[in-house]
Amino acid sequence: MIKDFIILNCIGKDDKIGLRINENFYIHELDIKVNNNDQLVSNILNLVKKYKVNIDNKFSMIVNIGPGSFSSIRTSLSVAKGMKISKNIYLYGFKNSDLKQFDLANIELLISKNLIQNKLIKPIYLS
C-alpha cells in the first residue's frame with residue numbers, strides 16, 4: 001500500500017503537485033504565468049524542504065501520464081524517473097480521466113481501485 005507520496009498532475013492545464021506525508025496532504029498549485037516545465041524541480045524541492053520530508057525507498061511518486069501537453073508530460077515523467085533512479089523510490093502512473101478531482105479522497109480511491117500502473121509507463125499525448 002502506498003503511504004507517503006508525491007503526485008504530479010502536470011499535463012499543461014491546472015497543474016498541481018500533491019504531497020502526502022504522515023497522514024497530511026498538501027497541494028501546491030503551479031503558476032500558469034510561469035513556464036512550469038522550467039520550475040517543476042524547484043517547486044518539488046521547495047515543497048519537500050517546507051514540510052521536512054525525507055525521501056527514501058519507502059516513498060512513492062505518482063505521475064499523470066495524460067492525455068495532455070507533450071512537453072508537460074515528458075518533463076514530469078523525466079523528473080519522476082530521475083527521482084526513482086537517484087532515491088530508489090516507487091514510480092506509478094495514472095490516466096487523467098481516472099482522477100476526477102485533485103484531492104486526497106480521490107487519490108486514495110485511485111490507489112485502492114488499482115487504477116495506477118507501475119510497469120512501463122506509456123504517456124498519452126494530445127494530438
Which pair of heavy atoms, one from C10 and one from L40, lies closest together, and at what distance?
SG-CD1, 3.8 Å

For a side chain to side chain contact (heavy atoms under 4.5 Å, CB included) check, start with the C-alpha distance between Y92 and I111, then their side-chain angles and the critical distance, and finish with the verdict.
CA-CA 10 Å; Y92 300 94; I111 294 168; over 6 Å; no

Does N46 reach the main-chain N or O of S42 with its side chain, forming a donor-acceptor pair under 3.5 Å?
yes

Same apolar cluster (I L V M F W Y, side chains within < 4.5 Å links), V41/I89:
yes

Just verifying a value: how many Å separate S60 OG and K84 NZ, rounded to the nearest 0.5 Å?
10.0 Å

So do Y51 and N24 actually touch side chain to side chain, heavy atoms under 4.5 Å?
no

Closest non-hydrogen atom pair between K100 and S97, with its separation
NZ-O, 2.9 Å

Intermediate values then yes/no, side chain to side chain contact (heavy atoms under 4.5 Å, CB included), L47 and V53:
CA-CA 8 Å; L47 196 62; V53 177; over 6 Å; no

Starting from I85, can I reach M61 by hopping between I/L/V/M/F/W/Y residues whose side chains sit under 4.5 Å apart?
no

In this structure, CG of D15 is separated from CG of N43 (nearest 0.5 Å) by 10.5 Å

Mind listing the closest non-hydrogen atom pair of G12 and S69 along with its distance?
CA-CB, 4.1 Å

Considering only heavy atoms from C-beta outward, does the side chain of L104 approach that of R20 to under 4.5 Å?
yes

Closest heavy-atom pair and its distance - G18, F102:
N-CZ, 3.6 Å

Looking at side-chain heavy atoms only, is the closest gap between K113 and D98 below 4.5 Å?
no

Do the side chains of K58 and D4 get nearer than 4.5 Å, heavy atoms only?
no

Taking the side chain as C-beta and beyond, is there a heavy-atom pair between F94 and I107 under 4.5 Å?
no

Check the pair I2 / Y90 against side chain to side chain contact (heavy atoms under 4.5 Å, CB included), numbers first and verdict last.
CA-CA 9 Å; I2 298 173; Y90 296 98; over 6 Å; no

Roughly how far, to the nearest 0.5 Å, is CG of L8 from CD1 of I44?
4.5 Å

Decide yes or no for N64 and L99: does some side-chain heavy atom of the first lie under 4.5 Å from some side-chain heavy atom of the second?
no

Nearest 0.5 Å, what's the CG-NZ distance between N57 and K87?
11.0 Å

Rounded to the nearest 0.5 Å, how far apart are CD1 of I65 and CD1 of I11?
11.5 Å

Check the surroundings of atom NZ in K50: do more than 12 heavy atoms from other residues, nucleotides or ligands lie under 6.0 Å from it?
no

Does any part of the side chain of V63, heavy atoms only, come nearer than 4.5 Å to the side chain of V79, both counted from C-beta?
no

Please round to the nearest 0.5 Å and tell me the distance separating atom CG of L91 and atom CD of Q117.
9.5 Å

Closest non-hydrogen atom pair between N54 and F59, with its separation
O-CD1, 4.4 Å

Quick one, N96 and N9 - any side-chain contact, counting heavy atoms below 4.5 Å?
yes

Tell me whether N88 contacts the main-chain N or O of D56 through its side chain, where contact means a donor paired with an acceptor under 3.5 Å.
no

